[in-house]
Amino acid sequence: MTGLEIWLLAIGLAMDCFAVSIASGIILKRVRMRPMLIMALAFGFFQALMPLLGWIGASFFSHLIENIDHWIAFAILAFLGGRMVLESFKDEDCRHEFDPTSLKVVSALAVATSIDALAVGVSFAFLGVRSFSSILPSIGIIGFVSFALSFVGLMFGIRFGCGIARKLRAELWGGVILIIIGTKILIEHLFCS
């Protein structure tokens, strides 16, 4: 994957964090730096950790399915992207009842929003990422983008409330990005190798 693709992938993965952060900002109502930093750091950390764990797990058996690895990477990214697109059309009230200052709640939200990143880590192994030094820049970018978008989401939620969450359609755009990247991987392996 190119550097641009990694940045786009990171943005796509971080859209769940962004959406949850907007809802959390709505609940916080005012800037409270400590809980905001804790939430953004937790989201960034888990978004970086999960692809690493997925990559480690899949690296042990990726050599067994080299002939279809591009199909698996495509399927994972298309499924995740499709699910995000479908969820973006659900008519949900943006006000959720949870405490964004609770460490237990923040940890649960961070893990829940990073499950997709675990699957992306699996696709890294199928795309030929073989060493820790090769995956380190990717997971660093994913963690940084997730941290930054989470913090921005919190600020948006505090400042603009529910209206901005609906207008941005973060999950829709994140899903589209993941589908495009998966399709590009498949096309490159089928027609360019």
Side-chain angles (χ1 to χ4, degrees), residues 1-25 39-40 43-55 58 69-92 94 109-129 134-157 164-192:
M1 293 181 91
T2 67
L4 177 61
E5 289 172 331
I6 296 297
W7 282 95
L8 290 173
L9 178 68
I11 291 168
L13 287 173
M15 287 301 159
D16 279 347
C17 298
F18 183 65
V20 170
S21 295
I22 290 173
S24 298
M39 179 173 277
F43 282 10
F45 173 76
F46 279 99
Q47 286 284 352
L49 177 66
M50 291 298 199
L52 178 62
L53 295 177
W55 171 77
D69 58 1
H70 50 282
W71 284 102
I72 294 171
F74 166 74
I76 289 170
L77 293 172
F79 172 76
L80 296 174
R83 194 181 77 205
M84 287 176 71
V85 168
L86 289 175
E87 287 178 9
S88 75
F89 290 106
K90 289 183 181 175
D91 189 27
E92 295 180 5
C94 66
L109 290 172
V111 170
T113 57
S114 65
I115 297 299
D116 294 352
L118 183 72
V120 168
V122 170
S123 70
F124 282 157
F126 296 147
L127 292 173
V129 177
S134 297
I135 197 170
L136 192 59
S138 298
I139 63 174
I141 290 168
I142 291 168
F144 171 75
V145 169
S146 298
F147 167 81
L149 285 180
S150 297
F151 198 82
V152 168
L154 285 160
M155 295 302 280
F156 272 33
I164 194 74
R166 288 192 189 102
K167 288 178 185 170
L168 289 176
R169 309 279 306 194
E171 281 187 312
L172 172 67
W173 294 111
V176 168
I177 289 169
L178 293 182
I179 292 169
I180 290 170
I181 291 171
T183 304
K184 182 182 179 296
I185 289 168
L186 184 62
I187 290 169
E188 284 177 350
H189 282 276
L190 290 178
F191 301 111
C192 300

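This one's a predicted model, so the numbers in the text were calculated from it and none came from an experiment.
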(message) Are the side chains of L172 and F89 in contact, using a 4.5 Å heavy-atom criterion?
(response)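 Yes, at least one pair of side-chain atoms sits under 4.5 Å.
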Result block: side-chain N/O donor-acceptor pairs under 3.5 angstrom for residues 137-150, not counting sequence neighbours:
| unit_1 | atom_1 | unit_2 | atom_2 | d |
| --- | --- | --- | --- | --- |
| S146 | OG | I142 | O | 2.8 |
| S150 | OG | S146 | O | 2.6 |

Donor-acceptor pairs under 3.5 angstrom involving side-chain atoms of residues 116-124: please list them, not counting sequence neighbours.
| unit_1 | atom_1 | unit_2 | atom_2 | d |
| --- | --- | --- | --- | --- |
| D116 | OD1 | R83 | NH2 | 2.7 |
| D116 | OD2 | R83 | NH2 | 3.2 |
| S123 | OG | V120 | O | 2.6 |

(request) With sequence neighbours excluded, tell me which residues meet side chain to side chain contact (heavy atoms under 4.5 Å, CB included) with L127. (result)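 So L127 forms a side chain to side chain contact (heavy atoms under 4.5 Å, CB included) with M1, A73, I185, H189.
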(message) List the residues meeting side chain to side chain donor-acceptor pair (under 3.5 Å) with T183, not counting sequence neighbours, and say none if there are none.
(response)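 Testing T183 for side chain to side chain donor-acceptor pair (under 3.5 Å), a comparison that skips the adjacent residues, returns none.
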(request) Could you pull out all residues at least two apart from D16 that satisfy salt bridge (Lys or Arg N to Asp or Glu O under 4.0 Å)? (result)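 With sequence neighbours excluded, D16 shows a salt bridge (Lys or Arg N to Asp or Glu O under 4.0 Å) to no residue whatsoever.
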Atom [atom1] in [X], atom [atom2] in [Y]: separation rounded to 0.5 Å?
| X | Y | atom1 | atom2 | value |
| --- | --- | --- | --- | --- |
| L186 | L77 | CG | CG | 10.5 Å |
| W71 | L190 | CH2 | CG | 5.5 Å |
| I179 | F74 | CD1 | CZ | 8.5 Å |
| L8 | K184 | CG | NZ | 10.5 Å |
| L178 | L80 | CG | CG | 6.5 Å |

(request) Looking only at non-hydrogen atoms, find the nearest pair between S114 and Q47 and report the distance. (result)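 Shortest heavy-atom contact: CA-NE2, 3.7 Å.
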